[in-house]
Each structure stands twice: as structure tokens, then as C-alpha cells.
Engineer: 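Pasting a structure below so you can have a look.
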Number of protein chains: 2
Amino acid sequence: MLKEERHRFILNEVGIHNRVLLTDIANLLDVSVDTVRRDIKELHNSKLLKKVHGGAISLGFNNYNPIGKTIYSLEEKSRIAEKCLSLIKEGQVILLSGGTTNLELAKRLPSKFKLTCFTPSLPIAVQLLTKSNIEVIFIGGRMSKDSQIAIGGSAINMLSEIKVDICFLGTNSLHPVEGLTEFDWEIVQMKKAMIHSSRKVVSPCISEKIGSLQRFKICDVEEIDVLITELEPWDVKLNAFKNMNIQLL
Amino acid sequence: MLKEERHRFILNEVGIHNRVLLTDIANLLDVSVDTVRRDIKELHNSKLLKKVHGGAISLGFNNYNPIGKTIYSLEEKSRIAEKCLSLIKEGQVILLSGGTTNLELAKRLPSKFKLTCFTPSLPIAVQLLTKSNIEVIFIGGRMSKDSQIAIGGSAINMLSEIKVDICFLGTNSLHPVEGLTEFDWEIVQMKKAMIHSSRKVVSPCISEKIGSLQRFKICDVEEIDVLITELEPWDVKLNAFKNMNIQLL
DNA sequence: CTTATTACAGCAATATATTGCAAAAATAAG
DNA sequence: CTTATTTTTGCAATATATTGCTGTAATAAG
């Protein structure tokens, strides 16, 4: 294994988990701890991660994500992202809306997977461009400073011209009766357009968001094909969805 | 076996596996490792792959951080960016093509300045979104992994619908007779569209790029309104442009 | 304080890089 | 076609880099 490969592996791990242990990496790559330590030292000197006692942690964290917001519920987002991955087949065309859960998914898409990804999200596009076999198409438009996604007429226009296999629709509020809702009207318009452009709509949703309600409505629950939470599908919290026409994952 | 054939073989292997070992290639092609090493050195110098200890690795999928991407000529780019700034008036609508010089310009745009900025460049958009008073509109489309800008039909389409006050057109090759040229045909199409969408075209150009020539033509020198280099306007290197209808800055 | 883990420096074995050189191959010139 | 020149290639000698291991120092944790 080339040194450069180890470096990339480590950076990738740090990117996903925000931290790594020397011993874990050494086991995974089947090299000595010293080698990993020296690798991490180099990466530290190149300011690509921060070397700490016992391993390394990510510098980034606050780069693209609104500072402070994260870390909490990162576990859950990871679990959800992993489940999302299982729905994607090589060669498909997918659409990723914004949101941190989808960003986690983007990080985890394997480089060697051949995929076409549409997205209006800047941080997600940045992630995807590091993956060699993924074709990235940015849905352009006026950029929202908060959410870092493109919104407005031209974005919606561009969406109207595509039809993808799966849309992963970041979900902030999911109410069993009222459906999907949003705080921002512009984003509602985007999400409506995304649903319209997709054969299959997947809603990755942290369970704590279930039952919450915002000002504007995106769609009814029934328009979602798959609901993915960090819970097991038989969890009582998901009871409300069990006799609906939705796949729980 | 011809050198060119080996080069193609190596690039192909790197394309498929993202990495190669010197010894593997030497065995497969039945030449000495020295030969392969020299081949890889050449390909490295042509920036077609990255030579590492023991082999070579793909460039494509490493972009975790644009750090290390030539710091050389940053002085000049800064000077140029400062000059560009002087052309921008509050309230204007501007268009920034890709390129590191324009990225420097984007970094320097003052936050309190009210501006509308169009750009097809991912890193530039990321920069601009940190500025509170700048409205950012991303020209979406298929993303080029190399240049990190949107290219192709939908990007050009979106450009066709706008008319901005000033376009800052990153310039890699400026020849007094042959005009502006580019290596990549897709980018040529983008730049043509950008010129067409702008009332005023400014060409920020490191002086060492003056006189160079690439495969595809963007436009004649006369279509540029302002040429900005790091040199003083009376520098002899700019003589060729002095009786043209161009403002030198 | 004590213990367990991790960091670091130095060393040796191995792998890779570099250099100069000569033979072979390709190219240019007559 | 022949000869001279340049480029390419493989080889050998030497230099450098990488890696895992050792023993010892530093650090974290109870």
C-alpha cells in the first residue's frame, strides 16, 4: 500500500467520523502504529487534520457546517446515511437536497461507484467533487446564505428539466397528519420541484423531527416512498406511519 | 513498445485503479522499473497523475483541500485582484469566471459592499457566501472535476438569460494576435457565453501568460475591454496592446 | 501515586530513487 | 543508403526513503 493511499484513507476517515484512533487505522490498514503515527504527523504538518494524543481529529467541522450546531445527533445522521446508501445502485441518477444528513450521505458515497448526482447544495457539491466516478451536476440559482443551497426561479426551472431515479429529501419536520413542512417558503418551492423531478422520494429524517410542524407545507406523507430514521423500523415512535403506503427503513 | 503507448497504458491503469505500482507496470509491460519511473516522472510533470514513492496515484479524487496547489504567483494575483476591485461600483451586477485570480478577487470583495455576483465556480461561490451583503447566484450545470466550475448546456443556457455590468474573465493564455485561447473546449464555450452576457469584459491576466497560445480560441483581443496585469500599464511587455482599443490597468 | 497507554528517538532491513554510463534504437543529415 | 546525432533504455553503484522494532520518556487515567 502506498503512503499516499494511507493518507487519503485517514483523511477520509477523519472526514466521516471527525476523529480516528491510531490503533484502529493500524488494524484496518494492517500496518504498524508507528507508520500511522508518522502519517498523521505529516498530515498534521500539512494542516489537513489535527494530531492529538492517541489519534487525530478533524480541523474542519466548522468549515461548512454552521458552527456549534453539529456533533450532537451526528451518530444518528451517520446511521441514517448508511441506510440511505443501501438504496443506491450503481449507475443510477440521484438528487440530493441540502441538509447535514445528506452531506453525511455524500461523504459516504464510495468513490468507485459510478453515479450521477444532482444537487443544489454547495457543501454537498464540494464533497462529491472529490469522488472520481461520480458525475456532479449543480442545480444553479440564487444562493441562500443560511442553507447554502440554490433557490428561486432558475433553480426550479433547472429541476423541471430532469427526472432522477431517487431523491433524498432532507427533512426537518415530518408530521403524520400534516405531512412535510418547512420554515422557509423558498425552500418549500425547491423541495416541491425536487419531488416532482423524482421517480422515488426518500425522506431521511432524525426521529426527533417526527411530529414537528412548520409554517409551510411541502407535501403529504403519502408522497414519500421511503422514510429513513435512525430507529429500527418496528420502533413504536413510527407507529403512526405503519398503515400508510410508506416503506420504513 | 513506444513510449507514448506506455504512457497511455499507465494513464489508463491509473484511471481504472486510481493507483499503480512501479513494479507492476514494469512487469506488465516487460520493461525496466527505471523506464516506468521515467515515464511516470514525465506524466507527473504534465500533471496527468501524481508520482509518489513506489508508484503513482490519480489526481482526480484527492481534493480534500486545495492546500498545496501552488502558492507561487500569489503576489501577482493579489496585485491583479486589487486592481480589479477598483473597477467595481456598489450595486453592480458582476460575473466571475473560475480561476485562482478571480478567487483572490472574491476573497477581497468587501462584505459591506452591496453587490450581485454570478459565478459558475464552486470555490468562488463558497467564498462569496461568507459575505453578508453580496447576493450570490450560481450558474449551475455539470461540474468539471479539474476546474471546479459548471460547464455544458445548462450552464450556458443559464448564462444566456443574464446581462451583467462587468465580467471578470480568468485568462490563461492571451496572445496579441491570436487573442484569448484555452486548452479545454468546454471551458471555451463557457467563456464565450460569459462574454456575450456582459456589458464590459475585464481580463485579469498574469503577465507570464501573455504571448502563450492554446488549442481553442475564445475571442479576439479586441473583445476585451480592460486588460489587468500585475505590471504597470507602461511596461514594455504590454507594448503590443498599446494601440489597440483596450484599457490597460 | 501507580499503571497503562501512547510518543519518540534511534536502528536495521528492505524498498525505492537518483545518477552516470554504455548499448540500442530512433531520427536527422548528407 | 550511410553516417552522425539525439533519444531511449537498462544496468550498476550509490543515496535516500520507508517501515517495524526496540527501549525509554511522556502522558493520560484511575
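Reckoned from all heavy atoms, side chains included, excluding hydrogens, waters and symmetry mates. Per chain, numbering begins at 1; letters A, B, ... match sequence-line order.
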Engineer: Round to a whole Å and report the spacing from CD of B:Glu4 to C1' of D:dT7.
Structural biologist: 15 Å
Engineer: List the steps, then state whether side-chain contact (heavy atoms from CB on, under 4.5 Å) holds for B:Leu29 with B:Val36.
Structural biologist: CA-CA 9 Å; B:Leu29 299 185; B:Val36 180; 5.6 Å; no
Engineer: Please confirm whether the shortest side-chain N or O distance from A:Lys3 to OP1 or OP2 of D:dA17 is below 4.0 Å.
Structural biologist: no
Engineer: Both A:Lys51 and B:Gly54 contact DNA chain C. Which one's nearest nucleotide lies toward the 5' end?
Structural biologist: A:Lys51
Engineer: For B:Thr35 and for A:Asp30, locate the closest nucleotide of DNA chain D by heavy-atom distance; then report the residue assigned to the nucleotide nearer the 5' terminus.
Structural biologist: B:Thr35
Engineer: Nearest heavy atom decides the nucleotide; on that basis, is B:Arg37 or A:Gly55 closer to the 5' end of DNA chain C?
Structural biologist: A:Gly55
Engineer: Checking contacts here: which listed nucleotide (C:dT18, C:dA17, C:dA9) is nearest the side-chain heavy atoms of B:Asp34?
Structural biologist: C:dT18
Engineer: Can you tell if the side chain of B:Glu104 reaches within under 4.5 Å of the side chain of B:Lys107, non-hydrogen atoms only?
Structural biologist: yes
Engineer: In whole angstrom, what separates B:His44's NE2 from C:dA17's P?
Structural biologist: 12 Å
Engineer: By nearest atom, which of the nucleotides C:dA7, C:dA9, D:dG10 is closest to the B:Arg38 side chain?
Structural biologist: D:dG10
Engineer: Find the distance A:Ile25:CD1 to C:dT6:P and express it as a whole number of Å.
Structural biologist: 14 Å
Engineer: After noting the C-alpha distance and the side-chain angles of A:Arg8 and A:Glu4, does the key distance pass the salt bridge (charged side-chain N to carboxylate O under 4.0 Å, His left out) rule?
Structural biologist: CA-CA 6 Å; A:Arg8 289 180 184 190; A:Glu4 182 80 13; 3.4 Å; yes
Engineer: Side chains of B:Ser32 and B:Arg37: donor-acceptor distance under 3.5 Å anywhere?
Structural biologist: no
Engineer: To the nearest Å, how far apart are A:Asp39 CG and D:dA17 C1'?
Structural biologist: 13 Å
Engineer: Describe the nucleic acid contact of A:Val36 in one word from base, sugar-phosphate, nothing, applying a heavy-atom distance below 4.0 Å.
Structural biologist: nothing
Engineer: Roughly how many Å is it from NE2 in A:His53 to P in D:dA28, rounded to a whole number?
Structural biologist: 6 Å
Engineer: In whole angstroms, how far is the P atom of C:dT14 from the CG atom of B:Leu21?
Structural biologist: 20 Å
Engineer: How many Å lie between CD on B:Glu42 and C1' on C:dT18, as a whole number?
Structural biologist: 16 Å
Engineer: Just call it for B:Val31: base, sugar-phosphate, or nothing, with non-hydrogen atoms closer than 4.0 Å on any strand.
Structural biologist: sugar-phosphate
Engineer: NE2 of B:His7 versus P of D:dT9: gap in Å, rounded?
Structural biologist: 8 Å
Engineer: What's the closest nucleotide to the side chain of B:Arg6 if the choices are D:dT9, C:dT18, C:dC8?
Structural biologist: D:dT9
Engineer: Between A:His7 and A:Asp39, what is the shortest heavy-atom contact and its length?
Structural biologist: NE2-OD1, 3.1 Å
